[in-house]
Amino acid sequence: MAPQTSFNNLKVLEPLVLGSSEKGQITQEVVKHGGLGILTAAIFLAGEMAGSGVLALPAAMIGTGGWLGLTLILLFTANAGFSGTRLGLCWIMLEERYEEFRGEVRDPYPAIGEKAVGRWGRIVSMVAISLTLYGGGCVFIVLIAQLLGSLVAAAGFQLSLCVWMVIVAVGLTPLTWMGTPKDFWPIAVGALITTMLACLLVIVTCIMDGNKLPEKVFPTPTADGTFKAFGSIMFAFAGASTFPTIQADMKDRSKFNISAIMAMGVLFAIYFPMAAGCYYGLGDQVTDNIVLAMSDGWQRITVEIMLLLHLISAYPIITNPPAQFFEQLLGIPSDFNWKRCLFRSLSVAGLLFIAETVPSFGSILDLVGASTVTLLTFIFPPYFYMRLSDASIGKKEWTQRKLPLWERIYCWALILIGLAGGACATYTAVRNIFSSSMSVPCYLMGDTTNVTISAGGH
């Protein structure tokens with residue numbers, strides 16, 4: 001899922017790469033149909049953000065005592081909404097001031113970064129987005145292997161997680177060779193519906209399973225647990241950095257804030273019950289991938305099939321933008337050719353190597369959420385917004401934008417929380433990777449049969 005990036009709306013990921021022709025073609029289609037309305041944009045935003053990160057939320061509650069983790073979800077929802085709307089305002093400022101941004105722009109986030117702070121803003125944004133999406137791809141390989149292994153195990157066929165990841169990577173590789181589909185608007189709606197239905201089934205099953213437990217254990221909050229939760233919850237909001245792209249396709253871009261607030265409301269309605277219902281239903285029995293904590297039955301099989309279809313179709317999409325970015329740097333032609341196939345096959349092999357080195361869904365997700373997602377969602381948006389707003393001072397030809405004191409304080413508070421929380425959460429994620437029971441890479445194990453499908457990051 002984030003990467004969840006977020007991973008569901010193909011369209012919002014495509015514009016990251018200069019030289020991509022998809023955005024212009026898609027936008028022409030949108031213009032032909034009159035652009036996105038407020039409700040449609042909200043559905044696309046929510047569908048793009050609600051992804052694999054939601055599966056890790058119940059486990060994120062373990063080290064927070066529950067109440068602290070749920071408070072973090074509430075705060076992060078509000079803060080991600082604020083950051084997303086500030087990014088939207090950044091884009092409006094770019095359109096007001098620079099004529100080249102009034103047409104079709106393929107890389108809105110890096111463009112905002114460059115105009116706000118200079119060339120380094122573009123480069124750091126591009127690198128952070130690429131790492132987020134490749135990190136999401138790594139999470140996908142582990143998650144698809146877990147779900148596929150669990151599904152096949154129900155039929156009586158057992159393989160270790162390490163072996164399943166190789167099978168998954170081989171199966172996904174040919175999918176990455178293709179270009180991105182031209183018309184993928186239905187994906188966002190389908191993604192949102194399947195995510196909501198899957199989450200509903202998970203919540204109901206966890207609560208029913210919990211009623212059968214003789215005793216539920218709720219561990220006391222710890223600093224480590226809270227920082228782990230920071231990374232896990234952050235990953236669930238990975239898509240906030242793609243807000244400007246949706247905004248660019250709206251009929252009335254000034255109404256974008258309404259769509260963003262509606263989308264955050266939908267996300268909160270999914271994330272909060274998922275975290276609360278499963279954690280208070282099962283206690284410390286929750287797993288990094290909550291689907292693996294469900295009891296066997298049609299509900300679990302249905303959820304696994306829905307998520308597998310979702311993840312397999314989304315995998316080539318989230319790895320496509322960084323692949324195009326690096327292919328452009330390496331001078332690989334944009335049409336279908338053997339160089340592209342070779343590069344993308346090597347990319348999947350590289351992600352497989354990372355997944356086999358850290359065969360834990362939760363650990364990789366926490367690291368991506370704590371580092372690059374925090375940069376793109378908590379730190380850069382308010383900073384870029386303040387820099388662009390302040391740049392209007394003394395320039396009479398530009399619309400003057402004077403920030404109220406409360407907004408400036410809120411922006412700096414977000415940046416400081418992002419820096420402090422992100423640094424501590426990244427440290428905790430890295431330490432957990434090296435200290436967990438899963439710290440031995442698959443390829444150094446004499447016998448991989450003990451790396452079960454339910455392997456978590458604890």
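Quick caveat, the model's predicted, so the values are computed rather than measured.
Scanning for side-chain hydrogen bond (donor to acceptor under 3.5 Å, both in side chains) contacts around Tyr410 gives Asn79, with sequence neighbours left out. The side chain to side chain contact (heavy atoms under 4.5 Å, CB included) test applied to Ile415 returns Ile379, Pro382, Tyr383, Met386, Trp412, Leu419, not counting sequence neighbours. A search for ring-ring contact (aromatic ring centres under 6.0 Å, His included) contacts involving Phe326 returns nothing, not counting sequence neighbours. Every ring-ring contact (aromatic ring centres under 6.0 Å, His included) that Phe272 has, sequence neighbours left out, goes to Phe268. Among residues two or more places apart in sequence or in another chain, the salt bridge (charged side-chain N to carboxylate O under 4.0 Å, His left out) test is passed with Glu327 by Arg344. Residues satisfying the salt bridge (charged side-chain N to carboxylate O under 4.0 Å, His left out) test with Lys255, not counting sequence neighbours, are Asp252. When the ring-ring contact (aromatic ring centres under 6.0 Å, His included) test is applied to Phe384, the partners found at least two apart in sequence or on another chain are Phe380. Every residue two or more places apart in sequence or in another chain that forms a side chain to side chain contact (heavy atoms under 4.5 Å, CB included) with Ala429 is listed here: Asp366, Leu367. Residues meeting the side chain to side chain contact (heavy atoms under 4.5 Å, CB included) test with Val152, sequence neighbours left out: Phe157, Trp164. In this structure, Asn257 has no side-chain hydrogen bond (donor to acceptor under 3.5 Å, both in side chains) partners at least two apart in sequence or on a different chain. Residues satisfying the salt bridge (charged side-chain N to carboxylate O under 4.0 Å, His left out) test with Asp284, not counting sequence neighbours, are none.
Met196 CE: 12 or fewer foreign heavy atoms inside a 6.0 Å radius. The local environment of OH in Tyr427 is sparse, with at most 12 non-hydrogen atoms from other residues, nucleotides or ligands closer than 6.0 Å.
With rounding to the nearest 0.5 Å, the separation of CD1 in Ile305 from CH2 in Trp298 is 12.0 Å. Atom CG in Leu148 sits 6.5 Å away from atom CD1 in Ile312 (nearest 0.5 Å). Distance check: Ile261 CD1 to Thr85 OG1 gives 7.0 Å after rounding to the nearest 0.5 Å. Atom CZ of residue Phe230 and atom CD1 of residue Ile417 lie 8.0 Å apart, to the nearest 0.5 angstrom. Between Phe378 atom CZ and Cys411 atom SG the span is 12.0 Å, to the nearest 0.5 Å. Note: Ser345 OG to Leu352 CG = 12.0 Å, rounded to the nearest 0.5 Å.
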Item to complete: Output, in order, the C-alpha distance, side-chain angles, deciding distance and verdict of side chain to side chain contact (heavy atoms under 4.5 Å, CB included) for Ser347 and Thr176.
Response: CA-CA 10 Å; Ser347 298; Thr176 65; over 6 Å; no
Item to complete: Show your working on side chain to side chain contact (heavy atoms under 4.5 Å, CB included) between Leu267 and Phe237 and close with a plain yes or no.
Response: CA-CA 9 Å; Leu267 285 183; Phe237 290 98; 4.3 Å; yes
Worksheet item: Checking side chain to side chain contact (heavy atoms under 4.5 Å, CB included) for the pair Leu307/Leu143: CA distance, chi angles, key distance, verdict?
Response: CA-CA 9 Å; Leu307 290 172; Leu143 186 53; over 6 Å; no
Discussion item. Between Val303 and Thr205, does the side chain to side chain contact (heavy atoms under 4.5 Å, CB included) criterion hold? Intermediate values first, please.
Written reply: CA-CA 11 Å; Val303 167; Thr205 308; over 6 Å; no
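A pairwise comparison of heavy atoms in Lys228 and Thr428 identifies N-CG2, 4.3 Å as the closest pair. Of all non-hydrogen atoms in Gln158 and Ala153, the two that sit nearest each other are NE2-CB, 3.9 Å. Taking each heavy atom of Ile112 and Leu87 in turn, the nearest pair found is CD1-O, 3.8 Å. Taking both residues in full, the closest heavy atoms of Val202 and Cys278 are given as CG1-SG, 3.8 Å, listed atom of the first, atom of the second, then distance. Gly135 approaches Val368 most closely through the heavy-atom pair CA-CG2, 3.8 Å. In this structure, Cys162 and Glu356 approach most closely via the heavy-atom pair O-OE2, 2.8 Å.
With Met294 as the partner, the side-chain contact (heavy atoms from CB on, under 4.5 Å) test is satisfied by one option alone out of Glu304, Gln299, Met208: Gln299.
Panel note: side chain Thr194, backbone Met306; no donor-acceptor pair is recorded below 3.5 Å. Although no hydrogens or angles enter the test, the distance criterion places no donor-acceptor pair under 3.5 Å between the side chain of Thr377 and the main chain of Thr374. Of the possible donor and acceptor atoms, none in the side chain of Ser150 sits under 3.5 Å from a partner among the backbone N and O of Gln146.
In this structure, the side chains of Leu94 and Leu388 come closer than 4.5 Å at one or more pairs of heavy atoms. Residues Asp209 and Gln285 form no side-chain contact, since every pair of their non-hydrogen atoms from C-beta on lies 4.5 Å or further apart.
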Atom pairs and distances, donor-acceptor, side-chain atoms in residues 54-78, under 3.5 Å, two or more places apart:
{"from": "Thr64", "atom 1": "OG1", "to": "Met61", "atom 2": "O", "distance (Å)": "2.8"}
{"from": "Thr64", "atom 1": "OG1", "to": "Gly66", "atom 2": "N", "distance (Å)": "3.3"}
{"from": "Thr64", "atom 1": "OG1", "to": "Gly69", "atom 2": "N", "distance (Å)": "3.2"}
{"from": "Thr71", "atom 1": "OG1", "to": "Trp67", "atom 2": "O", "distance (Å)": "2.7"}
{"from": "Thr77", "atom 1": "OG1", "to": "Ile73", "atom 2": "O", "distance (Å)": "2.6"}

